[in-house]
Amino acid sequence: MVQFTGSAGNLANLYQIVDRKNIWLLELQNGAENRLSVELMQKAINPALDIVEKEHFKLRNTPPESTPEGAEYKGGALIITGLRSQSKFFCNGFILEELVNVPGLLPGEMIAHSFIKFGAPFPHGIGALFGEKIRDPRILRETGLGYRFTPQELLKAEIVDVLADGGTEGVLAAAYILADRVSPSAAKGAYGLIKKEIYGGAVNQIKLDIRTPMPKLKL
């Protein structure tokens, strides 16, 4: 286990699952609501991703004859969860001031409700990501308006892959099954490059990190 700490204590733990050697679990622990902050991104999430990527490359480039099992690398996966002990929040959104004012705070997936609720515009990268991932115009419009989708609606719209009961542990059990199914795609290294091409427009927008300023009203 690798533990990541911040100014107020523990931020996250990273585990390599023993009985699934090539699957990693990142448990976020940033307070009761687990809000995304600059500190969480810089001191926990980004370093954890670096560790997983480095280990993935090492395993992928190790010849089978050099491993104790003598087996070829079968690929890997990363699962991210909220605080497992409370079985409630994965993440309850951003710290608004950081979201609007601090560059570089662009996680891969987020809920649009926070933006419309607080009157904050999308950073261009997030808008581009929604456009790449959500192809149904009606669903995309509802997302931009902050509609709260039910789990069944998300599944029907193909925004999520699987629904699971049983709290955090039930979701984790389903996530392990999904990870076992998709992890072989990462074995040869091409999967990430293919996704980069498919979502290249959004990736480029995220790198540019362009922000739309809020208009100032004159009274």
J.: State yes or no: do Val171 and Leu163 share one hydrophobic cluster built from I, L, V, M, F, W and Y residues joined by side-chain heavy-atom distances below 4.5 Å, directly or via other members?
T.: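 Different hydrophobic clusters.
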
J.: Determine, using the 4.5 Å side-chain heavy-atom cutoff (strictly less than), whether Val182 and Tyr191 are members of one ILVMFWY cluster.
T.: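 The answer is no; the residues belong to distinct hydrophobic clusters.
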
J.: Please check if the number of heavy atoms outside Asn61 that lie under 6.0 Å from its CG is greater than 12.
T.: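 Counting other residues, nucleotides and ligands, CG of Asn61 exceeds 12 neighbours.
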
J.: So which heavy atom on Arg60 is nearest to which on Ala186, and how close?
T.: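 It is CD-O, 4.1 Å.
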
J.: Ile79 and Ala179: which non-hydrogen atoms are nearest, and at how many Å?
T.: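 The pair with the smallest heavy-atom distance is CD1-CB, 4.3 Å.
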
J.: Taking all non-hydrogen atoms of both residues, which atom of Ala12 and which atom of Ala44 are closest, and how far apart?
T.: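 Between these two residues, the closest heavy atoms are CB-CB, 3.9 Å.
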
J.: State yes or no: do Val52 and Leu59 share one hydrophobic cluster built from I, L, V, M, F, W and Y residues joined by side-chain heavy-atom distances below 4.5 Å, directly or via other members?
T.: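 Looking at the clustering, Leu59 is in the same group as Val52.
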
J.: State the CD1-OG1 distance between Ile159 and Thr143, to the nearest 0.5 angstrom.
T.: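 Interatomic distance, Ile159 CD1 to Thr143 OG1, rounded to 0.5 Å: 5.0 Å.
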
J.: In Å, rounded to the nearest 0.5 Å, how long is the span from NE2 of His56 to CG of Leu49?
T.: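 If we round to the nearest 0.5 Å, His56:NE2 and Leu49:CG are 13.0 Å apart.
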
J.: Which atom names give the shortest non-hydrogen contact between Lys43 and Gly6, and what distance separates them?
T.: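 Answer, listing the atom of Lys43 first, then Gly6: CD-CA, 4.4 Å.
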
J.: In terms of heavy-atom contacts, does OH of Tyr176 have more than 12 from other residues, nucleotides or ligands at under 6.0 Å?
T.: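 It does: Tyr176 OH has more than 12 such atoms within range.
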
J.: Would you find a donor on one side and an acceptor on the other, under 3.5 Å apart, between the side chain of Glu53 and the backbone of Asp50?
T.: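 No.
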
J.: Give the C-alpha distance, both sets of side-chain angles, the deciding distance and a yes or no for side-chain contact (heavy atoms from CB on, under 4.5 Å) between Leu28 and Ile80.
T.: CA-CA 7 Å; Leu28 305 180; Ile80 305 177; 4.0 Å; yes

J.: Can you hop from Met1 to Ile23 via hydrophobic side chains spaced under 4.5 Å?
T.: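 Yes, one cluster joins them.
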
J.: Run the numbers on Lys133 and Leu129 for side-chain contact (heavy atoms from CB on, under 4.5 Å), then give the verdict.
T.: CA-CA 6 Å; Lys133 297 285 285 186; Leu129 185 62; 4.0 Å; yes

J.: Can you tell me how far CG of Leu140 sits from CD of Glu142, rounded to the nearest 0.5 angstrom?
T.: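 It comes to 10.0 Å.
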
J.: Do Trp24 and Ile51 sit in the same hydrophobic cluster, where Ile, Leu, Val, Met, Phe, Trp and Tyr count as joined when their side-chain heavy atoms come under 4.5 Å apart?
T.: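 Yes, one cluster joins them.
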
J.: Check Ala174 against Ala164 and note the closest heavy-atom contact, atom names and distance.
T.: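 Taking every non-hydrogen atom into account, CB-CB, 3.8 Å.
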
J.: Could you tell me the separation between the CG atom of Leu11 and the CD atom of Gln42, rounded to the nearest 0.5 Å?
T.: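 Going from CG on Leu11 over to CD on Gln42, the span is 11.5 Å.
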
J.: Does this structure show an ion pair linking Glu55 with Lys58, if we count only N-O contacts that are shorter than 4.0 Å?
T.: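 So Glu55 pairs with Lys58 through a salt bridge.
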
J.: Roughly how far apart are Ile177 CD1 and Asp161 CG, rounded to 0.5 Å?
T.: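 One gets 13.0 Å once the value is rounded to the nearest 0.5 Å.
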
J.: Who are the ring-ring contact (aromatic ring centres under 6.0 Å, His included) partners of Phe149, not counting sequence neighbours?
T.: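 Listed in chain order: Tyr147.
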
J.: Would Ser37 and Asn30 count as a side-chain contact (heavy atoms from CB on, under 4.5 Å) if you check the C-alpha gap in whole Å, the side-chain angles of each, and the deciding distance to 0.1 Å?
T.: CA-CA 9 Å; Ser37 65; Asn30 191 28; 3.7 Å; yes

J.: Rounded to the nearest 0.5 Å, how far does OG of Ser183 lie from CG of Leu78?
T.: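 One gets 12.0 Å once the value is rounded to the nearest 0.5 Å.
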
J.: Using a 3.5 Å distance criterion without hydrogens, assess whether the side chain of Glu39 forms a donor-acceptor pair with backbone atoms of Ser7.
T.: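 Yes: the side chain of Glu39 pairs with the backbone of Ser7.
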
J.: Among Leu40, Asn13, Thr5, which residue satisfies the side-chain contact (heavy atoms from CB on, under 4.5 Å) criterion with Gln29?
T.: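 Among Leu40, Asn13, Thr5, the one that satisfies the side-chain contact (heavy atoms from CB on, under 4.5 Å) with Gln29 is Asn13.
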
J.: Sequence neighbours left out, what passes side-chain contact (heavy atoms from CB on, under 4.5 Å) with Arg84? Give chain and number order.
T.: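 Testing Arg84 for side-chain contact (heavy atoms from CB on, under 4.5 Å), a comparison that skips the adjacent residues, returns Leu25, Glu27, Thr81, Thr168, Glu169, Leu172.
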
J.: Which atom names give the shortest non-hydrogen contact between Phe4 and Val2, and what distance separates them?
T.: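 Heavy atoms only, the tightest pair is CZ-CG1, 3.6 Å.
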
